[in-house]
Amino acid sequence: MTPSPHKPLLATVLGERQTRPPMWIMRQAGRYLPEYREVRAKANGFLDLCYNPDLATEVTLQPLRRFDLDAAILFSDILVIPDALGQSVRFEQGEGPILEPVTAQTIAALKPERALDHLAPVLETVSRLRATLPAEKTLIGFCGAPWTVATYMIGGRGSTDQAQARLFALREPEAFAALVDILVETSIQYLVAQFKAGADVVQLFESWALNLDEEAFTRQVIEPNRRIVAGVRAQVPNAPIIGFPRGAAGNLSRYAAETGVNALGLDYSTPLEFATQHLPSHLPVQGNLDPLRLVAGGAQMERRAQEIIAAFADRPHIFNLGHGIVPETPIAHVERLVQLAKAS
Ligand code: CP3
């Protein structure tokens with residue numbers, strides 16, 4: 001057998017420390033890039049871009065043409081799953097996603113049996129990326145974790161406190177459990193299909209892991225993430241998985257220990273000292289520069305990036321932002337950050 005080519009980012013997820021941290025940038029394809037805005041203007045709306053393998057492949061590769069990044073992340077969205085389940089999902093310019101909220105009654109009408117067929121164009125994009133990417137680049141697939149996706153499905157849009165979804169989980173526990181079961185099963189099938197199409201690693205985006213008490217965190221975040229990790233690995237043994245429970249705070253160690261993810265994405269509010277002292281020293285971590293430091297740029301950005309790299313120098317570390325890059329980000333600042341990480 002020919003040995004597989006060395007992919008520093010994949011190797012790091014699998015627990016191997018590198019001499020300098022590999023890096024990618026959360027939401028690295030997007031509106032801060034003029035070439036993305038140009039393709040986006042050609043597509044018939046955002047979801048069409050996600051389901052068009054020609055355009056989705058192109059925008060996935062755009063950031064790698066500009067910056068020396070170690071990974072490409074599939075261009076898609078976490079809300080393709082509700083769309084594939086038959087819920088109405090729209091993206092309005094300047095407003096973010098708008099969904100027709102599910103209720104205890106309409107959850108039963110979701111169509112998990114057709115979801116994977118609906119997602120076939122996204123899987124086609126993964127195959128094309130696999131065929132195009134240089135061997136040393138890691139291809140990252142992803143899905144939204146069930147709680148985060150459920151907050152949009154129940155609330156109908158993003159919110160700062162996820163109150164509607166949190167109330168729904170408390171008032172309608174059976175309907176909520178049925179929704180989570182559908183999301184867990186669909187996510188397992190979708191991630192397994194991404195691995196089969198050529199993804200090296202997948203990330204579970206649990207972007208709304210905040211605002212939950214410990215019992216809700218266990219039920220709504222840990223359990224569904226754990227079931228997905230186990231379910232994917234039952235079909236893809238040892239599948240490499242990054243978990244990103246944004247805002248998990250005091251629940252972070254438990255998330256890492258109980259879900260079985262290989263690597264832990266840290267948001268920018270996680271103190272470096274907490275991470276170095278309380279997370280197992282073999283556990284690969286990813287993060288965690290505040291995206292607004294990248295917008296502001298200059299000495300404060302460089303100092304903080306260096307502090308992060310130094311804090312994690314003794315363990316497997318993937319350098320990244322602590323949440324997604326924002327549209328206002330100057331490209332020159334991204335160039336500087338990548339240069340700095342590469343020189344570390
Ligand atoms: O490079 C990449 O990472 C691109 C792939 C990607 C997108 N969304 C493209 C996108 C990924 C991994 C996501 C994840 C995603 N989507 C999350 C989790 C990560 C996070 O930031 O917390 C969430 C919560 C969503 C849901 C979503 N999609 C929202 C709330 C919005 C509107 C806000 C925004 O950033 O515009 C989107 C739209 C979206 N997804 C855009 C992109 C490039 C912008 C839409 C456009 O071009 O009009």
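When a ligand or atom number is given, it counts from 1 through the structure's own listing order.
- For the residue pair R246 / S269, no side-chain donor-acceptor distance below 3.5 Å is found, with atom types taken as modelled.
- For the pair S207 and ligand 1, the shortest N or O to N or O distance falls below 3.5 Å.
- Side chains of T148 and T151: a donor-acceptor N/O pair is absent below 3.5 angstrom, by distance only.
- Contact annotation: the side chain of T259 never approaches that of I241 to less than 4.5 Å [non-hydrogen atoms, C-beta and beyond].
- Considering backbone and side-chain N/O of R31, one or more are found under 3.5 Å from N/O of ligand 1.
- Between Y36 and F75, the gap from one ring centroid to the other is short of 6.0 Å.
- A donor-acceptor pair shorter than 3.5 Å cannot be found between the side chains of W147 and Q162.
- In terms of protein heavy-atom proximity, atom 45 (C) of ligand 1 is closest to F46 CD1, 3.6 Å.
- Both the backbone and the side chain of R27 come within 4.0 Å of ligand 1, judged by heavy-atom distances.
- The protein atom (non-hydrogen) at minimum distance from atom 46 (C) of ligand 1 is R40 NE, 3.1 Å.
- With contacts defined as side-chain heavy-atom distances shorter than 4.5 Å, the pair T270/L252 qualifies.
- Within the structure, ligand 1 has Y152 among the residues with a heavy atom less than 4.0 angstrom away.
- The closest side-chain donor-acceptor pair between R336 and Q339 falls under 3.5 angstrom.
- Evaluated by nearest non-hydrogen atom to atom 31 (C) of ligand 1, the leading choice among P97, A41, P291 is P97.
- Looking only at atom types and distance, the side chain of Q203 has a donor-acceptor partner in the side chain of Q286 under 3.5 Å away.
- Taking every non-hydrogen atom of F205 and a distance limit under 4.0 Å, the qualifying atoms of ligand 1 come out as 12 (C), 18 (C), 19 (C).
- By the criterion of a heavy-atom distance under 4.0 Å, the backbone of L74, and not its side chain, is placed next to ligand 1.
- Scanning all protein heavy atoms for the shortest distance to atom 43 (C) of ligand 1 gives Y36 OH, 3.5 Å.
- Each of the atoms 28 (N), 37 (C), 38 (C) of ligand 1 lies under 4.0 Å from some heavy atom of F91.
- M23 and A341 get closest at one heavy-atom pair: SD-CB, 3.6 Å.
- Protein heavy atom closest to atom 4 (C) of ligand 1, with residue, atom name and distance, is F75 CD1, 3.7 Å.
- In this structure, W208 has no heavy atom closer than 4.0 Å to ligand 1.
- Atom 23 (C) of ligand 1 has its closest protein heavy atom at I78 CD1, 3.5 Å.
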Q: Please report the C-alpha distance between L47 and L49 in whole Å, then the side-chain angles of each, then the deciding distance to 0.1 Å, and finally whether the side-chain contact (heavy atoms from CB on, under 4.5 Å) criterion is met.
A: CA-CA 5 Å; L47 279 176; L49 178 54; over 6 Å; no
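- Among S76, G158, A29, the residue whose heavy atom lies nearest to atom 9 (C) of ligand 1 is S76.
- One option in T151, I25, D77, L49 has a heavy atom closer to atom 26 (C) of ligand 1 than any other, and that option is D77.
- Checked against a 3.5 angstrom limit, the closest N/O atoms of H323 and ligand 1 fall inside it.
- Geometrically, ligand 1 and Q93 share no nitrogen or oxygen pair separated by less than 3.5 Å.
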Q: Please step through side-chain hydrogen bond (donor to acceptor under 3.5 Å, both in side chains) for the pair N251 and E214, ending with a clear verdict.
A: CA-CA 7 Å; N251 293 305; E214 64 209 276; over 6 Å; no
